[in-house]
S.K.: 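I'd like to ask you about the structure that follows.
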Amino acid sequence: MGAKLIDGKAIAAEIRQALKVEIDQLRKQGIVPGLAVVLVGTDPASQTYVRSKQRACAEVGIRSEVKTLPPDVSQHDLVSLVDELNQDPQVHGILVQLPLPRHIDTDVIIRTIDPAKDVDGFHPINVGNLWAGSKEGFAPCTPAGIMELLRRTDIDPAGRNAVVIGRSNIVGKPMAALLLHKNATVTICHSHTRQLEEYCRQADILVVAIGRARFIKGEWIKPGATVIDVGMNRVDGVLCGDVDESARAVAGYITPVPGGVGPMTIAELLCNTVIAAKRIS
Ligand code: GUN
């Protein structure tokens, strides 16, 4: 018997449907949640992500605006734009699409965003709140979406070995914090980890976010484990994850690529924007 697929596309659609109802209610109180997305340059992948975010906002009734800046925009001008958005009462959430061009210091830009509008959860204030276990801030969207997938699939991390492969600020590190708060025993593996396969074999919950196509093999997976594939790799024009297809014969649950984690990231962004609107208004 193969793994059950965790249908992120369907779960994200349910979340958007519930949000739409909530946003209709907020509108009656005169609150229209607003998201500003800042896109620097012309990277096609970033353009695609930003378009998906815009479409999802429109679907649930969030007002969205995209600020597109040329690839050679100065750091000063980018900071000025973020400052303007911080001041704009119609903007409740601000998202600066990453990666930024190399001449821009990403940390400076992230620190410029008002933490109360930082729906990505990347500002150090929100990172601190997350690790402290406070619900005051914002959790980054991809790991928050993964926790929601686990919750809605009745997979309780408590007492489980959770192994996170990848240590990015966007996925790996916040993922570890969220799993820890749900009482998992958490291990973070990365490019310097020795005997990665051995860690994988111990994992009841394996989250893979390394950006290497089909890197994790079925033989490395503990039978019955839950496998969450955050990878979005394009190989010969085909979208594939970081986990090899062979994992499907061994895992208990697995997220497909596409249609697993991706739609959940956007759903959580919408949720965070509504939370921001409610807190600010
Ligand atoms: N680039 C890749 N993922 C993300 C994300 O979640 N937020 C932002 N701002 N940029 C990204």
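Just so you know, ligand 1 is whichever comes first in the structure, and atom 1 is the first atom listed for that ligand. Everything numeric in this text was worked out from a predicted model, so none of it was measured.
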S.K.: Just do the side-chain contact (heavy atoms from CB on, under 4.5 Å) check on Val108 and Gln75 with the steps written out, would you?
M.R.: CA-CA 9 Å; Val108 168; Gln75 178 158 310; 3.6 Å; yes
S.K.: Closer than 4.0 angstrom, basic N to acidic O: yes or no for Asp156 and Lys182?
M.R.: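 The answer is no: the pair does not qualify as a salt bridge.
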S.K.: At what distance, to the nearest 0.5 angstrom, does CD1 of Ile146 lie from SG of Cys141?
M.R.: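 It is 11.5 Å, given to the nearest 0.5 Å.
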S.K.: Among residues at least two apart in sequence or on other chains, which ones pass side-chain hydrogen bond (donor to acceptor under 3.5 Å, both in side chains) with Glu245?
M.R.: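 If we apply the side-chain hydrogen bond (donor to acceptor under 3.5 Å, both in side chains) test to Glu245, skipping adjacent residues, there are no hits.
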S.K.: How long is the gap from CZ on Arg63 to NE2 on His92, to the nearest 0.5 Å?
M.R.: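 One finds 8.5 Å between CZ of Arg63 and NE2 of His92.
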S.K.: Rounded at 0.5 Å granularity, tell me how far CG in Asp242 sits from CG in Asn233.
M.R.: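 Spacing of CG (Asp242) from CG (Asn233) equals 5.0 Å.
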S.K.: Find all protein N or O atoms under 3.5 angstrom from an N or O atom of ligand 1 and list the pairs with distances, or write 'none'.
M.R.:
| residue | atom | partner | partner atom | Å |
| --- | --- | --- | --- | --- |
| ligand 1 | 1 (N) | Gln97 | NE2 | 3.4 |
| ligand 1 | 1 (N) | Leu98 | O | 3.0 |
| ligand 1 | 7 (N) | Asp120 | OD1 | 3.1 |
| ligand 1 | 7 (N) | Asp120 | OD2 | 3.3 |
| ligand 1 | 9 (N) | Val96 | O | 2.8 |
| ligand 1 | 9 (N) | Asp120 | OD2 | 2.6 |
| ligand 1 | 10 (N) | Leu98 | N | 3.0 |

